[in-house]
J.: 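If you scroll down you'll find the structure; I have some questions about it.
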2 protein chains.
Amino acid sequence: MDSSADGLLTPSDSSETGAQQIRDAIRDAIVERRLAPGTKLSESDVGGLFNVSRTLARAALQALSYEGLVSVEKNRGAFVAYPSPEEARQIFAARRLVEPGILKSAAERINPVQLEQLKQLLVEEGRLVGERGQSARRAEIKASGDFHLMLASISGNLIMQRFMEELVARSSLVIALYGQSSASSCGHSEHADIIAALERKDVDAACGLMLHHIAHIEADLDLREHRGFGLKEAFER
Amino acid sequence: MDSSADGLLTPSDSSETGAQQIRDAIRDAIVERRLAPGTKLSESDVGGLFNVSRTLARAALQALSYEGLVSVEKNRGAFVAYPSPEEARQIFAARRLVEPGILKSAAERINPVQLEQLKQLLVEEGRLVGERGQSARRAEIKASGDFHLMLASISGNLIMQRFMEELVARSSLVIALYGQSSASSCGHSEHADIIAALERKDVDAACGLMLHHIAHIEADLDLREHRGFGLKEAFER
DNA sequence: GTGCAAAAAATTGTATACAATTTAGCGCCT
DNA sequence: AGGCGCTAAATTGTATACAATTTTTTGCAC
């Protein structure tokens with residue numbers, strides 16, 4: 001099993017092949033938290049790692065910066081994004097703003113096959129919650145996001161789908177930084193509730209549950225300013 | 001007077017200076033419809049035009065492709081995006097989904113100064129509607145978009161603001177392709193109505209007016225498939 | 001040992017060079 | 001005249017080379 005659930009329906013970007021693969025690989029590493037926020041991503045290192053020139057490495061990094069997963073600072077290089085608390089709040093505000101609408105749209109268009117796929121995703125997610133180990137944890141993170149992404153896919157709007165991809169990926173970073181309960185799966189049953197509401201065509205309830213779900217994730221965050229002390233502050237008292 | 005209203009609050013991208021400027025220049029050209037959809041943007045030409053190497057030209061084009069304003073096809077080059085009718089529908093669906101939420105958020109946070117700026121934007125827009133000539137038309141297009149962008153800026157959410165920038169820019173392309181009444185200003189008074197509702201704190205009314213406004217713009221579109229015949233079809237009857 | 005300054009090393013910014021692919025032109029055949 | 005295949009030109013994909021900037025190291029004074 002590899003990156004798996006990209007089988008949703010990738011926009012088929014059509015641009016250069018090389019940089020694309022690198023971008024995707026790095027993105028996966030960031031989203032699955034194998035790369036910690038703030039990590040330096042030097043062009044030479046990235047290029048060397050994938051056996052390509054700096055040109056492609058740079059293009060990949062550049063692409064990731066447009067998605068907000070990497071921040072490139074002029075003349076200093078690229079780093080895995082380190083979203084500020086304020087940025088974190090805005091990411092979740094955006095999700096609250098957008099996801100009910102996506103859900104509503106998805107509810108109008110969903111067909112039995114898609115509903116089945118959604119449920120399938122859910123049991124997969126449930127299975128991973130049970131399993132133990134780093135690898136399962138990573139897969140669980142991905143699966144949890146894939147639920148939201150699948151809804152966006154069902155909504156049939158590619159633009160919103162891409163936007164959600166960005167938001168979900170960035171959410172992963174935020175949770176990595178500010179999440180408290182290590183179990184990111186706290187919302188697994190909530191996914192089930194949303195599907196149930198969807199199945200009985202109760203759109204309003206589904207939207208309410210979605211908002212509740214997002215709020216729940218956000219409630220697990222500790223968004224006080226500079227929680228990681230700056231080394232000086234850490235020893236000042 | 002130059003590109004003017006970038007004074008809103010540009011996210012200050014921080015990446016490379018060179019490519020940025022080129023990207024912005026080309027984006028302006030696309031949004032103001034000096035570059036028609038489908039126009040080929042060869043890397044050499046772009047580079048030559050701005051006196052930089054292909055490297056920077058390519059980076060700029062790449063950046064624009066992430067915004068959906070340029071479509072780059074592998075081994076074939078970059079073209080000013082030519083959104084399909086379906087894509088056009090999705091762009092406006094996204095706006096319907098997102099703009100009421102942004103407006104609501106803006107209404108909660110707006111202060112008198114911002115309200116004044118918004119009104120200022122409106123009179124500026126009104127002035128341009130009256131003027132005649134290509135240059136005024138372009139400025140009017142920009143001003144019309146700036147209204148929506150300013151609301152996003154007031155909402156205080158940088159992520160939604162950037163998303164709206166993308167949507168507004170792409171809308172301009174859609175209107176260029178499928179718009180019927182040449183006057184894109186048909187919705188000028190509607191902007192005023194929205195501000196009026198905003199001023200009397202009637203959020204629901206404002207949202208309703210916004211939806212009406214977007215629907216109004218969309219209603220001016222002729223989204224039948226391949227309205228521009230393919231040269232063969234054009235002479236077949 | 002600490003602090004500062006200059007030099008060296010490393011890294012990014014940009015241009016150029018070469019390889020791969022597509023597009024256009026040309027001749028030839030039917 | 002019209003279509004087919006080949007060659008040449010143009011264009012993109014990728015790597016490398018050089019310039020500019022930042023970071024680290026080194027050396028010296030205190």
Side-chain angles (χ1 to χ4, degrees), chain A residues 11-26 30 35-82 230-232 235-236, chain B residues 12-26 30 35-82 230-232 234-236:
Chain A
S12 105
D13 237 345
S14 81
S15 61
E16 322 98 299
T17 45
Q20 215 86 329
Q21 281 183 278
I22 297 170
R23 169 173 68 84
D24 292 347
I26 298 181
I30 293 177
L35 280 170
T39 304
K40 171 99 197 257
L41 300 172
S42 95
E43 298 176 354
S44 318
D45 289 357
V46 171
L49 197 52
F50 291 93
N51 287 102
V52 296
S53 73
R54 267 183 57 214
T55 306
L56 290 193
R58 186 184 181 81
L61 259 4
Q62 205 58 29
L64 287 165
S65 96
Y66 294 122
E67 303 178 33
L69 292 183
V70 157
S71 94
V72 339
E73 303 175 28
K74 173 160 169 160
N75 280 322
R76 286 190 21 89
F79 304 82
V80 178
Y82 197 107
L231 184 53
K232 283 169 195 157
F235 290 96
E236 211 144 73
Chain B
S12 102
D13 238 345
S14 80
S15 59
E16 319 99 299
T17 46
Q20 216 86 329
Q21 280 182 282
I22 298 169
R23 169 172 68 85
D24 292 347
I26 298 180
I30 293 177
L35 280 170
T39 305
K40 172 96 195 262
L41 301 171
S42 94
E43 299 177 353
S44 318
D45 289 357
V46 171
L49 197 53
F50 292 92
N51 287 104
V52 296
S53 73
R54 267 183 58 215
T55 306
L56 289 193
R58 186 184 180 82
L61 260 4
Q62 203 60 28
L64 287 165
S65 96
Y66 295 124
E67 302 178 33
L69 292 184
V70 157
S71 93
V72 339
E73 303 175 27
K74 173 160 170 159
N75 281 323
R76 286 191 21 88
F79 305 82
V80 178
Y82 196 106
L231 183 53
K232 283 171 194 156
F235 290 96
E236 212 144 71

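So you know, we letter chains A, B, ... as the sequences are listed, proteins then strands, and number each from 1. Remember, it's a predicted structure, so these values are computed and weren't measured experimentally.
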J.: When the distance from CD of B:Gln21 to C1' of C:dT14 is rounded to whole Å, what number comes out?
T.: 14 Å

J.: Would you say the side chain of B:Glu67 lies within less than 4.5 Å of the side chain of B:Arg23, judging by non-hydrogen atoms?
T.: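 When only atoms from C-beta onward are counted, B:Glu67 and B:Arg23 do touch, with a gap below 4.5 Å.
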
J.: Could you list the residues that satisfy side-chain contact (heavy atoms from CB on, under 4.5 Å) with B:Ser44, not counting sequence neighbours?
T.: B:Ser42, B:Arg54

J.: Locate the shortest heavy-atom distance separating A:Phe79 from A:Gly38; write the atom from each residue and the value.
T.: CD2-O, 3.6 Å

J.: Can you tell if the side chain of A:Val72 reaches within under 4.5 Å of the side chain of A:Leu41, non-hydrogen atoms only?
T.: no

J.: Hey, could you give me the CZ/OG1 distance between B:Arg58 and A:Thr55, rounded to the nearest 0.5 Å?
T.: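 Here the interatomic distance stands at 9.0 Å.
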
J.: Expressed as a whole number of angstroms, how long is the span from B:Phe79:CZ to C:dT22:P?
T.: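 About 13 Å, once rounded to whole Å.
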
J.: Figure out the CG/C1' separation between A:Leu56 and D:dT16, and round it to whole Å.
T.: 13 Å

J.: Side chains of A:Ile26 and A:Ile22: closer than 4.5 Å at any heavy-atom pair?
T.: yes

J.: Rounded off to whole Å, could you give me the NZ-to-C1' distance for the A:Lys74 and D:dT21 pair?
T.: 10 Å

J.: At under 4.0 Å, does any side-chain N or O of B:Arg58 touch on OP1 or OP2 of D:dG13?
T.: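 So the side-chain polar atoms of B:Arg58 do come within 4.0 Å of the phosphate oxygens OP1 or OP2 of D:dG13, strictly under.
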
J.: Please compare A:Thr55 and A:Asn75 by the position of their nearest nucleotide in DNA chain D and report the one closer to 5'.
T.: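 Its nucleotide being nearer the 5' end, the pick is A:Thr55.
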
J.: Near DNA chain C, which residues from residues 35-54 of chain A have a heavy atom under 4.0 Å away?
T.: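 Residues of residues 35-54 of chain A that come under 4.0 Å of DNA chain C are, in numerical order, A:Lys40, A:Ser42, A:Glu43, A:Arg54.
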
